[in-house]
Every structure is written in structure tokens, then in C-alpha cells.
Amino acid sequence: MSDSFALDWLRLREPLDAAARAPALTRAFARRLPRAPHLVDLGAGTGSTLRHLAPRLDCPEQSWTLVDKDMALLTKAPGELTQWADKHGWTVTEERRSLRIQADEMTLRAEMRRYDLTTDLTGLALGQVDGVTCSALLDLVSADWIGKLAAELARSGYPPFLATLTVDGRTAFEPADPDDAFVMDRFHAHMRGNKGFGPSLGPEAATALADTLRVAGYKVQVAPADWHLRSRHKETHRLMVDGYARSATAMDPAAGPRIEAWAARRRAAIADGATLMVGHQDLLAIR
Ligand SMILES: C[S@@+](CC[C@H](N)C(=O)[O-])C[C@H]1O[C@@H](n2cnc3c(N)ncnc32)[C@H](O)[C@@H]1O
């Protein structure tokens, strides 16, 4: 929604993401892992991917490296992981550079690592990990960067790669408004701006990623992982509409009044129980 990802927004989206993720791909990823894997999560934010995947991997010992360039988010990660562990009644110990979570039948270690993914990817040492994950990252990146990531994964021996929740450009507002397409065309054009990785693929990222990984030598499976915003998600839905309107107006300032009128109609519709589907794709790449 913006170029920096606020903690509040990541918290709001976490349950929608959890409900959307494709379970079959999670299970297939899990089957490729050893019993004590080292996993790296790219663009980890506060660790939402770990919180979703760790209990579903059936691996009794897991070591995660959470990679992000945003120090403000990384410093929040231990607190978010601790709250999550507390909810389950698990024990958390702070170690020198990591957090250790002792769950019922699983020991997790999470290390937070500041790393700018627009720099040289060899520093991630992907050859030493058992699996690579990312969530809600790849619509920010360019075709060129996806090519570099695919080459680095191949050079590192093709670790299993689970890339989840990539926006794919499908949206369905219910009830529909005559200006939905007008606004979303401008929003998607705005998504294609540069987020530090070169011109973003935005809604084309999911397809580009699958094609590039196949050419690099991976077997690729994709599955929809769509958000379904219903009446209980009114706050998130309103924030989405605000974000769509802001980005569309930045793209086409002359259309500002038309876009604001659309947003006002959508806000009224949300109050009356309107729903929204936002299309995402999950992808699993294995050798
Ligand atoms: C939409 S958020 C998703 C966060 C997390 N994966 C989740 O699902 O909650 C995108 C994340 O990518 C990170 N990011 C963006 N550009 C980055 C870069 N150049 N290097 C590393 N992380 C980056 C952001 O800081 C943010 O945490």
C-alpha cells in the first residue's frame, strides 16, 4: 500500500494472509525439508511467514533467518514473535543474536538480519540453507531482479522456494461500481513504479516469477491465495480503498475528484457490507 510497511498494516493483513495461503503448497514445501532445516525468509517484516509456516512444517527443530532492510520492522519482530508464542503458551528465551521459542514439540530459533535485497544476493549464502521463503514481496521487484534471484537460487543448488501472497492484479468489488476499473488501472500503473528494485512487476510478478524459475531449471507449482474481505474486515477494506485512491491519484492527479468520488461511494458501500476479493498467487519451486 505504501513504500514503507507500517507495523499496524502488517498486523492487519496477517490473518487475511493466513486464511489465503495455499495449504497444498505449504505441505509440498514441508515434504522437501530435513527434520532440522535452516530457512531464510526474504522481506520478512516482523516474521509473519515464520508464524504461519513453522507449526505446519512438521520439523521438530527449525532455524530461521528473517531478512529485511527495514530496521524498524526487524526490531519489532522479537516482540511480535513473543506475543505469538505467549498465545500458545510456549517459552521464549532471548539468546545473543536470536530468539529461541520452545513449543510443545518444536524448537524454533529466529535470527533477525538486516539486509538490502537490492544489493548483491550472494551475501545471503543461499547455498547453506534448506529452504527459502517470502511473502508479499515479489510484486515490489523488477523482472531484472527476479532474474538475479533465480540465478542465485540455481547457483546455490536449487533450495526449495516458497513465494507466497504475490498480488496478481485480480480484484472483485461487490457490489461493483462503474469506476472500479478506472481506479484500479491507475492503481496498478502506480504499482509498477520503482520500489528500489527497478521498475516493479506489480501484478505481472506472479507470472514472471513462474516463467523465470522454470527457465532456471525449477519445477514450479502455483495456486491462488486470494484475500476475501467481508463485513468483519471493514477497517482493512477501508484502508485498501484509501490506498487505491491515493496511488491512483498520484498516477493521474487530474482525475483526483473522480477518484475521490469513487472512494466515497466505496466507503459507503463498505459500511453497508460490501465485499472485496484481492487476487494473490502462491508459488512453490522445487528441483
Ligand atoms: C508487504 S511487506 C511483507 C512483510 C512480510 N513478509 C509479511 O508478509 O508480513 C514487504 C516487506 O519487504 C521489505 N523490503 C522491501 N524492500 C526491501 C529490500 N530492498 N530489502 C529487504 N527487504 C525489503 C519491507 O521492508 C517489508 O517488510
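We count ligands from 1, going down the list as the structure has it; atoms in each ligand are counted the same way. The structure presented is a predicted model; accordingly, all values stated were derived computationally and were not measured.
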Against heavy atoms of L73, which atoms of ligand 1 measure under 4.0 Å?
27 (O)
Rounding to 0.5 Å, atoms CD (E260) and CG (D242) come to a distance of 8.0 Å
Could you list which atoms of ligand 1 come closer than 4.0 Å to a heavy atom of T118?
19 (N)
Near Y115, which atoms of ligand 1 are under 4.0 Å from a heavy atom of that residue?
20 (N), 21 (C)
Polar contact flag for S135 and ligand 1 (N/O pairs, less than 3.5 Å):
yes
For ligand 1, indicate whether the residue A44 contacts it via side chain, backbone, both or neither (heavy-atom separation under 4.0 Å).
backbone
Using a 4.0 Å cutoff against the non-hydrogen atoms of D70, which atoms of ligand 1 qualify?
25 (O)
So if I count the atoms of ligand 1 from 1 in the order they appear, which ones are less than 4.0 Å from some heavy atom of L137?
12 (O)
Heavy-atom side-chain contact between L99 and V92 under 4.5 Å:
yes
Please indicate whether E235 has more than 12 foreign heavy atoms, meaning atoms of other residues, nucleotides or ligands, lying under 6.0 Å from its CD.
no
Could you tell me which atoms of ligand 1, counted from 1 in the order shown, lie closer than 4.0 angstrom to a heavy atom of D116?
18 (C), 19 (N), 20 (N)
Taking the six-membered ring of Y218 as reference, does the NZ or CZ atom of R287 fall below 6.0 Å from its centre and within a 45° cone about the axis?
no
At a non-hydrogen distance cut-off of under 4.0 Å, which region of F197 contacts ligand 1 (side chain, backbone, both, or neither)?
side chain
What atoms in ligand 1 come closer than 4.0 Å to a heavy atom of S48?
7 (C), 9 (O)
Between D68 and ligand 1, does any nitrogen or oxygen pair lie at a separation below 3.5 Å?
yes
Select one of side chain, backbone, both or neither to describe which atoms of L42 lie under 4.0 Å from any atom of ligand 1, heavy atoms only.
neither
For the residue pair R32 and F29, would you count it as a cation-pi contact if the rule is NZ or CZ under 6.0 angstrom from the ring centre and within 45 degrees of the ring axis?
no
Can you tell if the side chain of D226 reaches within under 4.5 Å of the side chain of V278, non-hydrogen atoms only?
no
Salt-bridge contact R265-D179 (side-chain N to carboxylate O under 4.0 Å)
yes
Side chain to side chain contact (heavy atoms under 4.5 Å, CB included) against S48, all qualifying residues, sequence neighbours excluded:
E14, R21, R51
